[in-house]
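I have placed the structure first, in the form of structure tokens, so that the comments after it can refer back to it.
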Amino acid sequence: MPQISFIQAINQAIAEEMERDPLTFLMGEDVVLGAFGATKGLIDKFGAKRVRNTPISEAGFVGAAVGAAMAGTRPICEVEFASFFYCAFDQICNQAAKLRYMSGGQATMPITFRAVFGAMGGAAAQHSETVYAQFLSVPGLKLVIPSGPSDMKGLLKSAIRDNNPVIVFEHGALGWSREDVPAGEHLVPLGKAAVKRPGDNVTVVAIGAMVPKAMSVAEKLEKEKISVEVIDPRTLIPLDEDAILASVEKTNRIVIADEGHLRGGAAADLAAIVADKGFDFLDAPVRRVTSLDVPIPFSPPLEKAAIADEARIEAAIRAVVGR
Amino acid sequence: MPQISFIQAINQAIAEEMERDPLTFLMGEDVVLGAFGATKGLIDKFGAKRVRNTPISEAGFVGAAVGAAMAGTRPICEVEFASFFYCAFDQICNQAAKLRYMSGGQATMPITFRAVFGAMGGAAAQHSETVYAQFLSVPGLKLVIPSGPSDMKGLLKSAIRDNNPVIVFEHGALGWSREDVPAGEHLVPLGKAAVKRPGDNVTVVAIGAMVPKAMSVAEKLEKEKISVEVIDPRTLIPLDEDAILASVEKTNRIVIADEGHLRGGAAADLAAIVADKGFDFLDAPVRRVTSLDVPIPFSPPLEKAAIADEARIEAAIRAVVGR
Amino acid sequence: MDISKDKLLEMYRTMQKIRLFESKARDLAMAAEIPGFVHVSIGEEASATGVCAALRKTDRITSNHRGHGHLIAKGGRLDRMMAEIFGKRTGYCKGKGGSMHIVDYSLGILGANGIVGAGLPIATGSALGAVIAGKDDVTVAFFGDGASNEGTFHESLNLAAVWKLPVVFVCENNGFGEFTPMATVTSVKDIAVRAKAYDIPGHIVDGNDVLEVFRFTSEAVARARAGEGPTLLECKTYRWEGHVVGEQAFLGDGSYREKSEVEEWKRKCPLIRFEKWCAESGKISSAELKKIIADTEKELADAVEFARSSELPAPSEVTDDVYNNT
Amino acid sequence: MDISKDKLLEMYRTMQKIRLFESKARDLAMAAEIPGFVHVSIGEEASATGVCAALRKTDRITSNHRGHGHLIAKGGRLDRMMAEIFGKRTGYCKGKGGSMHIVDYSLGILGANGIVGAGLPIATGSALGAVIAGKDDVTVAFFGDGASNEGTFHESLNLAAVWKLPVVFVCENNGFGEFTPMATVTSVKDIAVRAKAYDIPGHIVDGNDVLEVFRFTSEAVARARAGEGPTLLECKTYRWEGHVVGEQAFLGDGSYREKSEVEEWKRKCPLIRFEKWCAESGKISSAELKKIIADTEKELADAVEFARSSELPAPSEVTDDVYNNT
Ligand SMILES: Cc1ncc(C[n+]2csc(CCOP(=O)(O)OP(=O)(O)O)c2C)c(N)n1
Ligand SMILES: Cc1ncc(C[n+]2csc(CCOP(=O)(O)OP(=O)(O)O)c2C)c(N)n1
Ligand SMILES: [Mg+2]
Ligand SMILES: [Mg+2]
């Protein structure tokens, strides 16, 4: 299997899906040149009709993706940085997410939104955000957060084929990570968690770039005979609750690691589910490892202090297992 | 003490604060006539310079409030329905909330945003939302959700005097509720929960319009000797964690009632806190009573089915107390 | 432009349908027989009618909160519309939408919308979809003077202009956004002027003259279909009724316009104007018009009966249709 | 308009400061000595300089991601700016902002901004604040051609126009938004035309001629200060460098403009142009100009030294300044 990067995986997924369906097309700011490399070269394969640089007008072109979907096409709509979603929140939350339901099922909304998110080194508060928590309470959306190249390709392909608005969040720091990724058809279903590593003493649910961090902590603690099960939910909506609860039933302890904030974050959402449906399995508090509740600062030592990291994951695990 | 309505309480609070400080002013769509009555008559008292109808352009005028605050004034900025915040999310989440921090503390942002929220009978999905969950993970904001006229007045006055961006969410269905409200100076601090009713068997944390619903359930269950403590957090940021945890320490059981959604809602946020810091007190799963995870439907029987109500609060209480 | 007699009759029928449907909806809302917010466009029938008369079935429209007229003009059925307003499961949206959100995709009606300005990007995208799919369908975006101050207006017109998309932007300028006079919140007298900011044609249209609306729209649609890009039409008109049915309950004694202004515009009634034109031009007899009224009254009565006698949705239906599971 | 010699010298000094500061910032970013995204405005110095030369200290500006020039022109100190770019606690924002977010409130600099188009409503509101407070301070919004397609452009200009707010909208049109040529995403050739959509004056300005920029701005500021409302100025200019320092790393062989175009604009260098004008008009000697260069080089060297030798913030400072607790 060829080793490719996270960014190449995105490129492959889009190219394959555009090859597969002539009504699938790509739009966004600077997708022609492909500012981060993810969409590079697609213009040569698919031409200017299907690879479109938009004006800088997020509400306008996100809304246009909604309209294009309603007209029977399948837009892939890139919004460079996830923080820019804020400029198009109405079109996503009030329109894309709701119009199917509000029309009694008449509308179908096969749109894939893509954006880079997360702290990636000095990008500061308006370019480092983890915006998905704010879409969690918007029924009608699906939320996908791949943690590596192989899932990236397989999930993105599934997202593009999905007949609902799906937002794919691509962590900026994972861009150059590489792994084996199947060439051609490779689909990862939305709603199926991955057990990245089995373990008995504690479950760590990790999201996005927290997955590799959790894995390295798990390896380290293995030496001390603390056996950590790492679960990557991969998609937050739909959520593979069963996988998480089954793991907690086995380990009786859980740590949730997410780069979002503590208050109102995705970790809180998962913690609440476990505290309800998994309460009887629990032998310890539901611990969250998140970024601090501050805007993400620019200066490297501050950014490092703000963002959830291995040390904090390790500390949380030790706290819940009591070692 | 005079009995006044929720809406009159808003009017009084704004009038008193504008009286108090000539740099406090009001802007928003149709604030001159006061579409819901809340701002009626203020134009006569304070004139056209300080009571301003804006064009329908939420990002523009919310952003203008941010700029006006940075220029040393104290805007009260109304966005009729909370769902319309989506049109101004960038200006609230990336600007108002962050600019103080990003400027190393140089900016001060004394803005009060106000909006009507919640299901109020057939307003449908784009006018019935409970948007505050999406602001929970935006450090820099304060979130206020009054549950009755007296708190409305006291909290709104505190919000206006606060030197941070505060969003006050006014439940549409509470508009005509009445109670005794002190005339003149009456301040309720942000960050202090109200124990609406003491009890021993179970804690119900209820938000906004869920407070009166929880109270009526508590009264009913009293007859069966189920003693319910009802806590109204009043503000979600800052949050009076201590009040909630102290109550759980006493009752060992908690139900959280919120009109928002289950996934990613404010109830999940509170549940996560309790599942962590209050875990050792708990004798039962942390149960949430929320609206269903669907866009709020128009038709009355569907709306009723979607929204959290007394029956579901009661069922949740019975489940956690086992009676 | 020569307009066929059938077309003329169809236009009159459409205007009558709108007038009668909305008068009924208003009365039912006042009587609290239908819930939620109801916005009627009585007095503005000519713009919806003239615009949609220039469209074919596969063309699409987006509408706004004041959408009944647009939907009826694009072919919406009175019975299913009325049932939707009543919140019945036989309604267009199975009761999930209500007055502000009626949709019929099979007729190219992409929906009324509760968010001011939200329909413009959607219409632009619908036009983009036609281009991607290689079809020559045109999309019309209906919106108000108030909406022309939203950022989505600007972003949509710019996008449509640079991509030369087949879309027609129809601003129904009725002089008010809710209770705020347009002039106090809008930097131009004529919205049509704003076309200059996108280097596209912009026309001021007498929005109470269905024939003029039809002619301007036909031209704009032809332009769009030929790949020459968008047009901005500003139909000057007026709403006779309040912004929302029942507004007096919360406005109390607050008023935002002179009675005389309303009266003046009532004299410019688009239906009477058309009737006069029929009489003067001799194209259509008053008997023919009367028959249309009678037919429409019957159709409306049946629609109300249909709505009243239809079932409310079952509570269990609340979770249907959030996701498309195919 | 007669411009005093002091003013002329000040303008040249400002342009040199910008040129030298940004050249240094670019080099430091390329050498990975400073983190994050750095956008420089080399080649565009005249617009920032000419505009701010027409302002007084209590006037305010909002800026964008390409903000160093605006900040320097409004009086920002090179040392504290450099320290901020280095992420040091002596920086303007104590290291919390970085290159894209420098702010100095005491100088009326309401901040650079990472969100395209976000500064326009803030500037509009700052002008509103002046009106509410009864002060005659003017606010300038700097933004790019790309930003002029954002909805906030439209909403801000409309609001400023209807309320006749003391704000000047300065579009620096450098022909590109990131790697996208303006013409491919913008429906008009001249952004200034868009002023018509708000019934306000709009002027095309030679953005590489600091004196012309100064004159147009002075007029617009006077108008604003007199309560006559906003003006839109479009400064035509060009950026010599990439959109962001280091863009080649991700663009690879992708290129978005001709080398010859860059060369052509380099010949229009605003500093050389001003130097020539000084020589031709005889107003300022080349010795005077050289002294300014030398002074500025010294100031910059000191600034870099200050930044390098300053401390990084302590991790514990991360939670400071989220809320104002007074
Ligand atoms: C984004 C948004 N802001 C505000 C509103 C509240 N609102 C509903 S209709 C309306 C007035 C719209 O005016 P206009 O576009 O002229 O249409 P008209 O009602 O006159 O037909 C307003 C402000 C809304 N629904 N959506
Ligand atoms: C809302 C938003 N969308 C997109 C971006 C990404 N972005 C940063 S700068 C830029 C180009 C801006 O172009 P222009 O306004 O012309 O300014 P210039 O860079 O040419 O000075 C873009 C698209 C952003 N920062 N914010
Ligand atoms: Mg109107
Ligand atoms: Mg540019």
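Just so it is clear: chains get the letters A, B, ... in the order the sequence lines come, proteins before strands, and each one is counted from 1. What you see is a predicted model, and the numbers here were worked out from it, not measured in a lab.
- Here the NE2-CG distance, from D:H243 to A:D30, works out to 8.0 Å after rounding to the nearest 0.5 Å.
- If you tally non-hydrogen atom pairs under 4.5 Å between each of D:T152, D:I34, D:N113 and chain A, the highest count goes to D:N113.
- Neither the backbone nor the side chain of A:K304 comes within contact range of chain D, judged by heavy atoms closer than 4.5 Å.
- For D:R77, the CZ atom is loosely surrounded, since the number of other residues' heavy atoms within 6.0 Å does not exceed 12.
- Both the backbone and the side chain of A:E58 come within contact range of chain D, each with at least one heavy atom under 4.5 Å from a heavy atom of that chain.
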Problem - Criterion side chain to side chain contact (heavy atoms under 4.5 Å, CB included) on A:I56 and D:E178, from CA distance to verdict - result: CA-CA 10 Å; A:I56 312 175; D:E178 291 187 355; 6.0 Å; no
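- Considering every non-hydrogen atom in both A:F298 and D:I85, the closest pair reads CZ-O, 3.3 Å.
- For D:A314, the part lying under 4.5 angstrom from a heavy atom of chain A is the backbone only.
- If you measure heavy-atom distances from A:A123 to chain D, the contacts under 4.5 Å come from both the backbone and the side chain.
- Most heavy-atom pairs under 4.5 Å with chain A, from the set D:Y323, D:F179, D:F250: that is D:F179.
- For a residue to count as touching a neighbouring chain, one of its non-hydrogen atoms must lie under 4.5 Å from one of that chain's; by this rule A:Y86 does not touch chain D.
- Distance CG/D:L312 to CG/A:L302: 8.5 Å, rounded to 0.5 Å.
- Both the backbone and the side chain of D:T319 come within contact range of chain A, each with at least one heavy atom under 4.5 Å from a heavy atom of that chain.
- Residue pairs meeting the salt bridge (Lys or Arg N to Asp or Glu O under 4.0 Å) criterion with at least one member in residues 80-93 of chain D, sequence neighbours excluded, are D:R89-D:E311, D:R89-D:E317.
- Sparse packing is recorded around CD of D:E258, with 12 or fewer heavy atoms of other residues, nucleotides or ligands lying under 6.0 Å away.
- Note on A:G60, A:G122, A:G41: by heavy-atom pairs under 4.5 Å with chain D, the leading option is A:G122.
- Here CG of A:N53 is found 13.0 Å from OH of D:Y256. Values are rounded to the nearest 0.5 Å.
- For chain A, no part of D:S148 is nearby; none of its heavy atoms comes within less than 4.5 Å.
- Counting heavy-atom pairs under 4.5 Å between each of A:G34, A:A125, A:A305 and chain D puts A:A305 at the top.
- Residue A:F61 holds its CZ atom at 11.5 Å from CG of D:N149, rounded to the nearest 0.5 Å.
- Between the NE2 atom in D:H101 and the NE2 atom in A:H127 there is a gap of 6.5 Å [rounded to 0.5 Å].
- Heavy-atom pairs under 4.5 Å with chain D peak, among A:T54, A:D293, A:L292, A:V294, at A:V294.
- Of the listed residues (D:G177, D:G151, D:G97), the one with the most heavy-atom contacts under 4.5 Å to chain A is D:G97.
- Across A:A124, A:S57, A:G175, the residue that shares the most heavy-atom pairs under 4.5 angstrom with chain D is A:S57.
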